[in-house]
Amino acid sequence: MEISKLGTLWKENGTLESFAPQWAKVRSGMVEAFPTYYAVPGADPFAVDVGEAINQLSALKPAADGPGYLGSDPQGPYYGSVTDARLPQKGASLAEVNRMAVELFQGMPNWNHPLTMPNVIPPANKAGIIAAMMTDLYSPNIIEGEYAWNVLKSEMETAAIISSLIGWDPKQAGGVYTFGGSGCYFYGVKYAITHSLGEQTRCTGIRENGKLLVSQQGHYCKLNSTDWSGLGMDNIIEIETDPATNAMSIPALEQVMQTLHAEGTPIVAVICTMGTTDAFAIDSPKAVRALIEKYPNPNGSQPLLYCDAVIGWSWLTFRDYDFVGNPLGFSEETLKNISSNYARISEIEYADAVGCDFHKTGWAPYNCSIFVMKDLNHFRQLMTRPGSAYLQDRVCYNPGLFTLEVSRSGSYSMAGWATLQYFGAEGFQSMLGGVLEMEEYLRHRITEEPTAVCVNADDHGFVTLFRIYPSTVPDAKAQYEKELNDPSPAARAELIKHNELQEKIGDLLWQWFRDGKLHDGQYGPYVSYTSGFRKTNYNADGADPLAVIYALKSFPMNININPATMEQLLKIALYARDEIEAGIEPAVKQSGNCTLPYTENPQPVDCAQTASGAVRHAVQNLLSGVPL
Ligand SMILES: *Cc1c(COP(=O)(O)O)cnc(C)c1O
């Protein structure tokens, strides 16, 4: 058909003539594939579609006393036939696509379930989910004000809220939402490189071996950031941690800074971890700031101080809490721990920039993280690029001129912002304090159980780490002390044997979580174990890879966890131990059934072991971040 005749295909009422070509008919049918652009009376048809989809998905929920996964088949996942996927010739109906999509959730862990506590994975709150979904409807792009309109306020207001909780001037601070705590870290490293080695690095590339100083227990995304930024993983210098607190040792840091200063090697950044995943170690930005001032770089710049607060930031919501009056009525023990967490986290004030994960300790959906800088315009000054020919500055604030990303979804910022509005300080305080109360209860019950011991009794983050000993060990606490301190070959052998027991219990619980059966009258919980929470006291330098402490983990992040859940957890962990003693072996079977190209096991790059760095790149436990 000639293009000039195109107009004849449509009748006056907007429907197609019967002689219209097939493309026009298919296209016309696809109007249904989109929400309407105009209002319709009554319930919006798309709201009905969404409601139906949520209902279909919700059919995967278990009964209230059911297992901790979605749906009826926990045996997967099934990756065996993925390479058979092809684009279908004809699209499926919306109902059919929804049905297939729901199927992909079969067997997945249900983060909201009381028996699910493997890691810092909080179920997402309603306001956060809904606000994020809203952005899927209208696609605000927070690259610039013109494309996001007032949705960009959700980012700007979050920055103001967080910076005032920190104690920074919200008229000077700013923030950008990005793709996770590792994204924040990446922003921190880039900011640091530009700030410390100079703006010219943006043109010439990095031409100096500037160092990144971070505690041994800092998160492994130090590798991602130095690698992808081009700074190089060999430029990480890991600073020893204090064996008692797991925090970065300030004397050790000073020694390294002194040496680098004396030899004229620049330091790009010192990273303080404000809450590690397992040990909840909190470094001291105040002490680090003093050292930064003492040891400037050869070019006169100061190393940047970035706080990786992705886990710890939310304790800042206690800024105005009345710790004397204790209006929320926390137990004495919990109050003490909250107050200590807050006091240490509040040193963030001394940072230049911080990263906060709302999808970790903010109960927001993935991804939802904000990188907040104390001085927005310093950051902008260092990072701004020329604008593009196809974007005009029609609105006064256009973060796309200095962000890593080009398009940025408003879903991050809307979810974070909505969560702040929905919870308020009191909501955060009760959620966070609630985690500690549950944890305190579990720890109390562990002290009552002679064959169990809590191994992180001194820290009060989001996790309880505990070891279960053989039923023949009369005093788990004494046995653990021995394994921690006694370097004799006999004690070391016991440590290793009992580490294996933790691993077996962890594997058996994992098997029970997934088999959908009752064990000792209950469904299996989803917990995890760490194979390197800390080193023994006689292995401070980590020279002995086996002299480390394995432990089972409980992260009671979700709101449905209560003392009865903790009773269940302890009971089934002991029962798993009994079953192992009775000869049950957990089946060591990796699920997924991967085929090519997913079965290859590429070896990590083997970097030089620098004299000053001695960083080991084989991070074995990706979650704890403790290199073994
Ligand atoms: C989880 C975590 C990260 C990485 O954050 P993502 O949001 O998973 O990208 C970085 N640092 C610490 C301390 C973490 O716990």
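Whatever order the structure lists them in is the order used to number ligands and atoms, beginning at 1. Please read these numbers as outputs of a predicted model, since none were measured by experiment.
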Worksheet, complete the sentence: Residue set satisfying side chain to side chain contact (heavy atoms under 4.5 Å, CB included) with Arg344, at least two apart, ordered chain then number -> Ile282, Ser340, Asn341
Worksheet item: Is any side-chain N of the basic residue among Glu155 and Arg408 closer than 4.0 Å to the acidic one's carboxylate O?
Response: yes
Fill in: Residues Arg289 and Glu347 bridged, charged N to O under 4.0 Å
no
Response to the item:
The answer, listing residues by chain and number that come under 4.0 Å of ligand 1 through any heavy atom, is Gly180, Gly181, Ser182, His219, Cys221, Gly275, Thr277, Asp308, Val310, Ile311, Asp357, His359, Lys360
Worksheet item: How many angstroms lie between atom OG of Ser229 and atom CG of Asn224, to the nearest 0.5 angstrom?
Response: 10.5 Å
Worksheet item: Can you name the side chain to side chain donor-acceptor pair (under 3.5 Å) partners of Asp136, sequence neighbours left out?
Response: none
Worksheet item: Which residues pass the side chain to side chain donor-acceptor pair (under 3.5 Å) test with Glu437, sequence neighbours left out?
Response: Ser331, Thr334
